[in-house]
Amino acid sequence: MAWTKIKDALAASPGTECTIKGWVRTRRDSKAAGGLSFIAVHDGTCHDAIQVVAKGELDNYESEVVKLTTACAVEVDGVLAESKGQGQSVEVQASAIRVIGWVEDPDTYPVPQKRHTMEYLREQAHLRVRTNTFGAVARVRHALAAGVHRFFDERDYYYVHTPIITGSDCEGAGEMFRVSTLDMLNVPTAEGGVDYDQDFFGKEANLTVSGQLNVETYCSALSRVYTFGPTFRAENSNTSRHLAEFWMIEPEIAFADLSDNWALAEEMLKYLLDDVLTRRADDMAFFDLRIEKGLIDRLKHVIETPFRVLPYTEAIDILSKANKRFEYPVEWGLDMQSEHERYLTEEHFKQPVVVINYPKQIKAFYMRMNDAGTDGAPGDTVAAMDILVPGIGEIVGGSQREERLGALDARLDEMNLPKEDYWWYRDLRRYGTVPHAGFGLGFERLIQFCTGMQNIRDVIPFPRAPRQCEF
RNA sequence: UCCCCUGUAGCUCAAUCGGUAGAGCGAGCGGCUGUUAACCGCUAGGUUGCUGGUUCGAGUCCAGCCGGGGGAGCCA
């Protein structure tokens, strides 16, 4: 039962006896000295495969070893030795090779050892993790997720499991997926509409688009909390930066204002970048070499540079004076478009930028109203922030929340939102309300930022997007 | 949802003005070599996304449908 992980075998001393288990990447044969084969075997425990050296004297050399192809599963007994060849320090001199699982038809194996396009591999999502690139993405994704929990745990933030199914339709962050057990061919009606009273929950239910409103309730008792789970948006967006199902990290801090908020976001991003560069140095070196040249330097630059904090009003000023023709208009009160955000973070500042204090009309009802005249703005602003990073654009969106019941109600009225739908959210402002703030970080966009992967569908194991729900 | 590009061997792509379907990689077999993006030779592999139309003749032109990609919007 006991065997050695390839990660450990590669770090062990020559002379060590071991058994490894894994899958064949490549096999190269030599006729020298009665037969000699070099088999690269990987088991996913690290980026590299280990080289197994199989000699012709093995019992099953002619019958099995020389017939091994990419993806065959094998178990190898042997002793570690300093490699006589270039390219690796140690290798396994095999004393026995047992084939655990053959590839039934190597000619039609969908992921042979050759170059593939990302688009093709996306159609082979169940097999693509066997490639260098997707194995590295999977390990980096894990490292980032583990880093998120460690970061928060070290700072006394509690992980709160907010619900996936939500009965409130007031999250207001986009189109939702309906959850229902009603017979679609025979929908019960009442008063001209669907009678949701007969549905599973006795009311309309949807998949969550954000855990924020729920996590605020726990923030109002535990002080520092976060959620980290899947969220769902039924938007018909077809881009390399959007998914219908994606994971989001949403901390919420009590007794905090907007500056505490971006400080936490900046600290977390830098912590995670440093963490992944250290813990997954092998995979990050691969991304730097094969996916995006200069990736590691770019990330180190982000770690070392303080984020630039920029009021929205000032950002509009910079954009309107920029010597650049934009497709969309730049005007105070309009939301910034991708091209504007990209200009600020990629061309003007060339570093992550925290844009704060947006006009209230382009932001959500729960964001805290700023005092009139903040930043010299010509209109009302709210304590919102977006963090923009080169290459991705918006990676974090957050705000200080409106903790004053009167101001919150005024915003609900302004936006024609029925107060009764928000009864439990309003209760938080009635019973021991405190200033608090939080943000959402798109986990897949963070992985894109860390790996240089161009398409968000390639940093999640099984992407869900419009007309894409295979596997 | 909008704009643009695209669909040919397992994969990546050629195929001139509409005139008999090609290569590389991968795979199989053989050769060579402590090999490592190995190398050399041979072999197999095709309803050109689907349906219809124009034509003596369609991978190529036209229409519809389906799939894939890039950009935009929406956002994280």
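Just so it is clear, the values below take in all heavy atoms, side chains as well, and ignore hydrogens, waters and symmetry mates. Labels below follow one simple rule: chain letters A, B, ... track the order of the sequence lines, proteins then strands, and each chain is numbered from 1. Treat the numbers as computed from the prediction; the structure is a model and nothing was measured.
- Base orientation of B/C5: anti, since the glycosidic angle falls outside 90° of 0.
- Nucleotides B/C13 and B/U48 have their C1' atoms positioned 13 Å apart, rounded to a whole Å.
- Note on A/Y328: only backbone sugar-phosphate atoms sit closer than 4.0 angstrom, heavy atoms only; bases stay farther off.
- What separates CG of A/N236 from P of B/C2 is a distance of 9 Å, to the nearest Å.
- For A/Y120, taking side-chain heavy atoms from C-beta onward, the closest of the listed nucleotides B/G68, B/C11, B/G69 is B/C11.
- With hydrogens and angles disregarded, no donor-acceptor distance shorter than 3.5 Å links the side chain of A/R224 to the backbone of A/Y158.
- Evaluation of atom-type donor-acceptor distances gives a pair under 3.5 Å for the side chain of A/Q93 against the base of B/G34.
- A salt bridge between A/E252 and A/R401 is present, with a side-chain N of the basic residue lying under 4.0 Å from a carboxylate O of the acidic one.
- Not less than 6.0 angstrom separates the ring centroid of A/Y226 from the ring centroid of A/Y157.
- B/A21 and B/G59 have their C1' atoms separated by 9 Å, with the value rounded to a whole Å.
- Within the structure, a side-chain polar atom (N or O) of A/R342 is placed less than 4.0 Å from OP1 or OP2 of B/A72.
- Contact check, A/R467 against B/G67: a side-chain N or O comes under 4.0 Å of OP1 or OP2.
- B/G10 and B/A58 have their P atoms separated by 24 Å, given to the nearest Å.
- A gap of 26 Å separates the C1' atoms of B/C75 and B/G67, to the nearest Å.
- Within the shown strands, nothing qualifies as a pairing partner of B/G45 under the Watson-Crick or G-U definition with both distances less than 3.5 Å.
- Here the side chain of A/R241 is nearest to one of B/G69, B/G34, B/A72, namely B/A72.
- The existence of a salt bridge linking A/D458 and A/R128 is confirmed by a sub-4.0 Å separation between a basic side-chain nitrogen and an acidic carboxylate oxygen.
- Distances shorter than 4.0 Å separate some side-chain N or O of A/N455 from OP1 or OP2 on B/G70.
- Base pairing annotation: B/G67 forms a Watson-Crick or G-U wobble pair with B/U6, both donor-acceptor distances under 3.5 Å.
- Regarding A/F443, its CZ atom lies at a distance of 19 Å from the C1' atom of B/C75, rounded to whole Å.
- Between the CZ atom of A/R28 and the P atom of B/G31 there is a distance of 20 Å, given to the nearest Å.
- With P as the reference atom, B/G68 and B/U8 are 14 Å apart, rounded to whole Å.
- Using a cut-off of 4.0 Å between Lys/Arg side-chain N and Asp/Glu carboxylate O, A/K324 and A/E339 are scored as not salt-bridged.
- To the nearest whole angstrom, the two P atoms, one in B/C4 and one in B/A63, are 13 Å apart.
- If you find the closest nucleotide of RNA chain B to A/W247 and to A/K67, the one lying nearer the 5' end belongs to A/K67.
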A/F228 and A/F152: CA distance, side-chain angles, deciding distance, ring pair (Phe, Tyr, Trp, His ring centres under 6.0 Å) verdict: CA-CA 11 Å; A/F228 182 8; A/F152 284 126; 8.8 Å; no
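- Dashed line: the shortest gap from a side-chain N or O of A/Q113 to OP1 or OP2 of B/A37 is not under 4.0 Å.
- Nearest to the side chain of A/S237, among B/G73, B/U35, B/U12, sits B/G73.
- A donor-acceptor contact under 3.5 Å is not formed by the side chain of A/D29 with the base of B/U33.
- When distances are taken from the side chain of A/S338 to each of B/C75, B/G34, B/G26, the shortest belongs to B/C75.
- Look at A/E267 and A/R155 and you find a salt bridge, because one of the NZ, NE, NH1 or NH2 atoms lies within 4.0 Å of a carboxylate O, short of that distance.
- Atom C1' of B/U47 sits at a distance of 38 Å from the matching atom of B/A38, rounded to the whole Å.
- With a cut-off of 3.5 Å on both pairing distances, the Watson-Crick or G-U wobble partner of B/C39 is B/G31.
- At least one side-chain nitrogen or oxygen of A/Q337 sits closer than 4.0 Å to the OP1 or OP2 atom of B/C74.
- A straight line from CG of A/L68 to C1' of B/U35 spans 16 Å, rounded to a whole angstrom.
- Classification of A/K67 and A/E62 as a salt-bridged pair fails, no side-chain N sitting under 4.0 Å from a carboxylate O.
- Atom-to-atom, CD1 of A/I456 to P of B/G70 comes out at 12 Å; the value is rounded to the nearest Å.
- Residue A/P112 places its side chain closer to B/G26 than to any other of B/G26, B/A72, B/G34.
- With rounding to whole Å, A/K55 atom NZ is found 13 Å from B/G34 atom P.
- Taking only side-chain nitrogens and oxygens, A/S30 comes nearer than 4.0 Å to OP1 or OP2 of B/G34.
- Nearest to the side-chain atoms of A/P106 among the listed nucleotides B/A38, B/U33, B/A27 stands B/A27.
- In terms of phosphate contacts, A/R27 brings no side-chain nitrogen or oxygen within less than 4.0 Å of OP1 or OP2 of B/U35.
- Nucleic acid contact class of A/V396 (heavy atoms, under 4.0 Å, all strands): sugar-phosphate only.
- Note on A/E204 versus A/R178: salt bridge recorded, some NZ/NE/NH1/NH2 to OD/OE distance being below 4.0 Å.
- If you check every strand for non-hydrogen atoms under 4.0 Å, A/E250 touches nothing.
- Looking at heavy-atom distances under 4.0 Å, A/L441 makes no contact with the nucleic acid at all.
- Using a 4.0 Å heavy-atom distance criterion, A/S240 is classed as a sugar-phosphate-only contact.
- Contact check, A/T239 against B/G73: no side-chain N or O comes under 4.0 Å of OP1 or OP2.
- A close approach under 4.0 Å does not occur between any side-chain nitrogen or oxygen of A/T26 and OP1 or OP2 of B/U36.
- Checked by distance alone, A/E119 brings no side-chain donor or acceptor within 3.5 Å of a matching partner on the base of B/G67.
- Nucleotides B/G57 and B/C66 are separated by 28 Å at their C1' atoms, to the nearest Å.
- Scanning atom types as modelled, one donor and one acceptor separated by under 3.5 angstrom connect the side chain of A/H242 and the base of B/C75.
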